[in-house]
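Scroll down for the structure; my scribbles are underneath it.
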Amino acid sequence: MSDSNQSDTPKFRYTAQTAGEIERRWQDRWEEQGTFQAPNPSGPWADPSADGKQKYFLQDMFPYPSGAGLHVGHPLGFIATDVCARYQRMTGKNVLYTMGFDAFGLPAEQYAVQTGQHPRKTTEDNIVTYRRQLRQLGLSHDLRRSFATIDPEYYKWTQWIFLRIYNSWHDERAGKARPIEDLVSAYESGEIATPSGAAWADLSDAERIAAVDARRLAYKKEVPVNWAPGLGTVVANEEVTNEGLTERGDMPVFRRNLSQWMMRITAYADRLIDDLDRLDWPESIKAMQRNWIGRSQGAALRFPVNGIDASIEVFTTRPDTIFGATFMVLAPEHPLVDAMTPTTWPEGTKQAWTGGHGDPRTAVADYRLAASRKSEVERQADEKTKTGVFTGTFATNPVTGRPVPVFIADYVLMGYGTGAIMAVPGQDERDWAYASAFDLPIVRTVQPSDGHPDDQPFTGDGAAINSANELISLDGLGVADAKAKIIQFVEAEGIGNGTINYKLRDWLFSRQRYWGEPFPIVYDESGAAHSVPESMLPVQLPEVADYSPKTYEPDDKDSMPESPLSRATEWVNVELDLGDGPKTYRRETDTMPNWAGSCWYEMRYTDPENTERFVDRECEEYWMGPGRGAGEGRPNDTGGVDLYVGGVEHAVLHLLYARFWHKVLFDLGEITSEEPFRRLFNQGYVQAYAFRDHRGQPVPAAEVQETTDADGTTYTWNGQVVTREYGKMGKSLKNVVTPDEMCDQYGADTFRIYEMSMGPLDQSRPWETRAVVGSQRFLQRLWRNVVDEETGQVRVVDGEPDEATKRLLHRTIDGVGRDYSQLSYNTAVAKLIELNNALTKLDDVPRAVVESLVQMVSPMAPHIAEELWQRLGHTSTITFEPFPQADPALLVDDTVTCVVQVLGKVRDRLEVAADVSDADLEAAALASDRVRAAMGDKQVRKVIVRAPKLVNVVVG
């Protein structure tokens, strides 16, 4: 801005500089006075006033404090929840609203490996930046309740909850978790059979330990994982590319079995599905969770393996098609593969089955190696080229008696079902493709519809065919009846049973990393696991010289993980007294995944200063108990957080894991709520233009020049032409705009208004910096309606507003209040702008109207609202001022505009009473000079009256 322009600016105009001064002053005052501190019903923050207020608990999903800080897309949900929190306070509720940090994780550890700086230092520095940015936005968090998952006083209780899960088992009879001591008692009494069937008294100590461990909700087991020797760590499926390489470093990944901690989340599959019906969540999110759990009803069938005393068990949702099972496919990792693979190819082996190998063992070994290099995502891809190899062994179809060759193929996974399938090519597209590729027989078991191609499987419903033996016939039955009949048959014959299967797998809970919660588990000399007693929690991370795991040659698939903690020998080998005298133990050197800390943080928010318990029972019940807050009056209410806001990317894993932990704690009587989050809302993304150079690499969007001429628009960066695309704002695309920039240029309140006005909260929206000025103008007009820009004096007047203004005010109060309660913030902004613009046209601005307007604006733009409220003569914060109430009588218009048509064309508009009669309205319309002129000499044939808004005169 030039000097002349600056001198022309009125001294008391609401500018970015003025906004910044106001915002910092009010942020300081809120913090000094503890304005947003919510009282608890008990504990150090107990306040009797909490009992007399309805509560409201809302929160954002945990942010991870990255080094880059926030861009303008991140605060979208944060500002939205703040608007909600401020509005709920104005309705008289006791509002719990705070924010912590999900602070364990790989980025800080990777930075530590590169620089040697401790991950805690990196993370805490990032948290300082985040907190500064959040404060700058005016978020009304109760700062006393904020914490990070890396705080020892927090992860002490994460470890404690893990031990509660570890020392529990799932009682299928009761459908809930129970303490492990109850399992031991049931074993002792014979109420529950031991895994071996032997009496408890006849078991050795080691056998008893194994029997108990087999039922724990947290257990250790050898499971297939993605092992990357070049990185020295196990990686998640999401970290593996379609080429079978690590996303970071392009290192080969091998599927191999490693001993890992697991959580028995599968025991809760039914409750995790069924209780979704009790939650106020988007249907799309519920569908994603149901699909992830993947409950399906069918049958477990057993196919005897020729030559060995074993059967292959398969799960199928279509047991009625068993007569068409002409081959079987096992996952390469299936435990029977080694035992059933002979040294030579048997008679009847086709060349297509061998993979070009001279013997089955070589073929199986080579195929297993190739499969180990693929991610599960790649293995499940529906590719046209099917791969696999014959094991050299046949099984027997139990209903036809015919031999069926057994293959291994990478599209079958050990983690789903039994790791084996019966292949029915006549009724399954994938099996048809496999049978075609390997010259295998195809038998249809369902009659195709007329005109169905002969060279394609039929997957629809129809009558069973080719499905009979001497004991049973399914022929002629529909699918449902055929399924019921075959299940009854296989159960009677002892070759199978009806069952329910789930896609959901137990949660792999181990990481071979440094920067995570240590497990509160130690091992004795025999290798038996022992819980660390509560008095020894938290088990804190030791200082280490090297944060990186041991790495190997990238192709060394037989190597073993060695975590950074395993090298801290003084920490690993420890002498403890666990109740039977001092002994030497070895600590667990894996750490928990970063999901652990976010599984229960909503509970800690209610009582974060508690040193005796993870949460005070009375605090949890007050803030999260069923039938309270948003759950009041709801039948079968689960309890939980009243409103949980976050991105759809966490729709499955985080929410599923948190629900599982919550249900275990509920079963054990630790909490009163059955679910962590009663209502869920997913905000959209902020999108922005990104630009790429000739290599396809992103270039800084802020440095791109736009040129428009007769040939169109060209974008250049450093003199070279670049291409423009549109997508989610992010560091990787170099199209980030930070809230710091926006606050400096316009002020936080303007930024807040703009973000909330961009569109419906649950939809993605384009970012356009140039459009922010519209929100700034709204606040400048609001300021001018209260403050004289030349003198700085308040310019409102006392006295009654005119009727039109009064009615507009009450319509705005009614609409904005409804919009706030429904999170419809963009339409609330539009209504506020309409009322504000109406006030600018008045010679004198009525105090009664502008004070209500400032109150309504305050959830959106709290700093300017506080400032104007004070200048209007109020000494207390606007935070707890009651939200204005609309007068119902003023929501109904005294007059309305009636449209008068002649032969369907509008000829006049009349202002008439809202309760005008049909007869009076018809008389007024026919008396109109414009209507009479339009009619001319024509006679009125008919008058159609729709009082009070329409009259249509038909002439002829």
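In this chain, residues are counted from 1 in sequence order.
Using a 4.0 Å cut-off between charged side-chain N and carboxylate O, Asp642 and Arg678 make a salt bridge. Salt bridge absent: Arg613 and Asp607 never bring a charged side-chain N and a carboxylate O closer than 4.0 Å. A salt bridge is defined here as a Lys NZ or Arg NE, NH1 or NH2 lying under 4.0 Å from an Asp or Glu carboxylate O, and Arg659 with Asp275 fails to meet this definition. Classification of Arg25 and Glu21 as a salt-bridged pair fails, no side-chain N sitting under 4.0 Å from a carboxylate O. Under a 4.0 Å N-O distance rule, the pair Asp280/Lys286 does not qualify as a salt bridge.
Between the Arg765 side chain and the Pro760 main chain, a donor and an acceptor come within less than 3.5 Å of each other. Using a distance-only test at 3.5 Å, with no hydrogens or angles considered, no donor-acceptor pair links the side chain of Thr591 to the main chain of Tyr514. With Glu23 contributing its side chain and Ala748 its backbone, the two residues share a donor-acceptor pair below 3.5 Å. A donor-acceptor pair under 3.5 Å is absent between the side-chain atoms of Gln855 and the main chain of Ile878, judged by distance alone. The closest donor-acceptor contact from the side chain of Tyr622 to the backbone of Ser42 lies at 3.5 Å or more, if one exists at all. Looking at Asp142, its side chain does come within 3.5 Å of a backbone N or O of Ala38 through a donor-acceptor pair. A donor-acceptor contact shorter than 3.5 Å links the side chain of Lys55 to the backbone of Trp623. When atom types are taken as modelled, the side chain of Gln885 and the backbone of Phe883 share a donor-acceptor pair closer than 3.5 angstrom. With hydrogens and angles ignored, the 3.5 Å screen pairs no side-chain donor or acceptor of Gln133 with any backbone N or O of Asp740. Between the side chain of Asp151 and the backbone N or O of Glu153 there is no donor-acceptor pair closer than 3.5 Å.
In summary, the side chains of His654 and Glu649 do not present any donor paired with an acceptor at a separation below 3.5 Å, with no hydrogens or angles considered. A donor and an acceptor atom, one from each side chain of His650 and Tyr657, are nowhere located under 3.5 Å apart. For Thr672 and Glu620, the side-chain atoms include at least one donor-acceptor pair closer than 3.5 Å. Side chains of Gln117 and Thr122: a donor on one and an acceptor on the other come within 3.5 Å. Side chains of Gln289 and Trp281: no donor on one and acceptor on the other come within 3.5 Å. With 3.5 Å as the limit, one finds a donor-acceptor pair spanning the side chains of Asp667 and Tyr268. Counting only N and O atoms by type, the side chains of Glu632 and Gln54 include a donor and acceptor under 3.5 Å apart. Inspection of the Asn594 and Tyr64 side chains reveals no N or O donor paired with an N or O acceptor under 3.5 Å. If you check the side chains of Glu881 and His874, you find no donor sitting under 3.5 Å from an acceptor. Judged purely by distance below 3.5 Å, without hydrogens or angles, the side chains of Thr158 and Trp600 pair a donor atom with an acceptor atom.
The shortest heavy-atom contact between Met99 and Ser146 is O-OG, 2.6 Å. Closest heavy-atom contact between Leu779 and Ala861: CD2-CB, 4.2 Å. Across all non-hydrogen atoms, the minimal contact from Thr149 to Ala103 is OG1-N, 2.8 Å. Minimum heavy-atom separation, Phe751 to Pro739: CE2-CB, 3.9 Å.
With rounding to the nearest 0.5 Å, the separation of OG1 in Thr812 from NZ in Lys831 is 8.5 Å. Rounded to the nearest 0.5 Å, atoms CH2 (Trp160) and CD1 (Ile165) are 10.0 Å apart. Note that NE2 of His74 and OH of Tyr685 are 10.5 Å apart. Values are rounded to the nearest 0.5 Å. Once rounded to the nearest 0.5 Å, the distance linking CH2 of Trp157 with CZ of Arg604 reads 7.0 Å. Between the CD atom in Glu517 and the CZ atom in Arg511 there is a gap of 11.0 Å [rounded to 0.5 Å].
Ring geometry for Phe147 versus Phe62: interplanar angle over 60°, hence perpendicular rather than tilted (30 to 60°). Note: Phe509 and Trp661 have tilted aromatic rings, judged against thresholds of 30 and 60 degrees for the angle between ring planes.
With Tyr644 as reference, Phe677 is the one residue of Phe681, Phe57, Phe677 to meet the ring pair (Phe, Tyr, Trp, His ring centres under 6.0 Å) rule. Partner of His863 under the ring pair (Phe, Tyr, Trp, His ring centres under 6.0 Å) criterion, out of Trp30, Trp783, Trp26: Trp30 alone.
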Query raised in the report: Which is it for Glu675 and Arg278 under the salt bridge (Lys or Arg N to Asp or Glu O under 4.0 Å) test, yes or no, and what are the steps along the way?
Result: CA-CA 9 Å; Glu675 289 276 347; Arg278 302 167 62 193; over 6 Å; no
Next item on the list: Using the ring-ring contact (aromatic ring centres under 6.0 Å, His included) rule, take Tyr754 and Tyr746 through it: C-alpha gap first, then chi angles, then the decisive distance, then the call.
Entry: CA-CA 10 Å; Tyr754 177 64; Tyr746 299 99; 8.7 Å; no
Which pairs of donor and acceptor atoms, one on a side chain in residues 75-86, lie under 3.5 Å apart (sequence neighbours left out)?
| from | atom 1 | to | atom 2 | distance (Å) |
| --- | --- | --- | --- | --- |
| Thr81 | OG1 | Asp60 | OD1 | 3.1 |
| Thr81 | OG1 | Asp60 | OD2 | 2.8 |
| Thr81 | OG1 | Gly77 | O | 3.2 |
| Thr81 | OG1 | Phe78 | O | 2.8 |
| Thr81 | OG1 | Tyr97 | OH | 2.8 |
| Asp82 | OD1 | Ser140 | N | 2.6 |
| Asp82 | OD1 | Ser140 | OG | 2.6 |
| Asp82 | OD2 | Arg86 | NE | 2.9 |
| Asp82 | OD2 | Arg752 | NH1 | 2.9 |
| Asp82 | OD2 | Arg752 | NH2 | 2.6 |
| Arg86 | NH2 | Gly138 | O | 2.8 |

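Between Ile150 and Phe101 the shortest side-chain heavy-atom distance does not fall below 4.5 Å. Within the 4.5 Å cutoff, the side chain of Tyr601 has no heavy atoms near those of the Asp102 side chain.
Aromatic pair Trp261/Phe162: centroids less than 6.0 angstrom apart.
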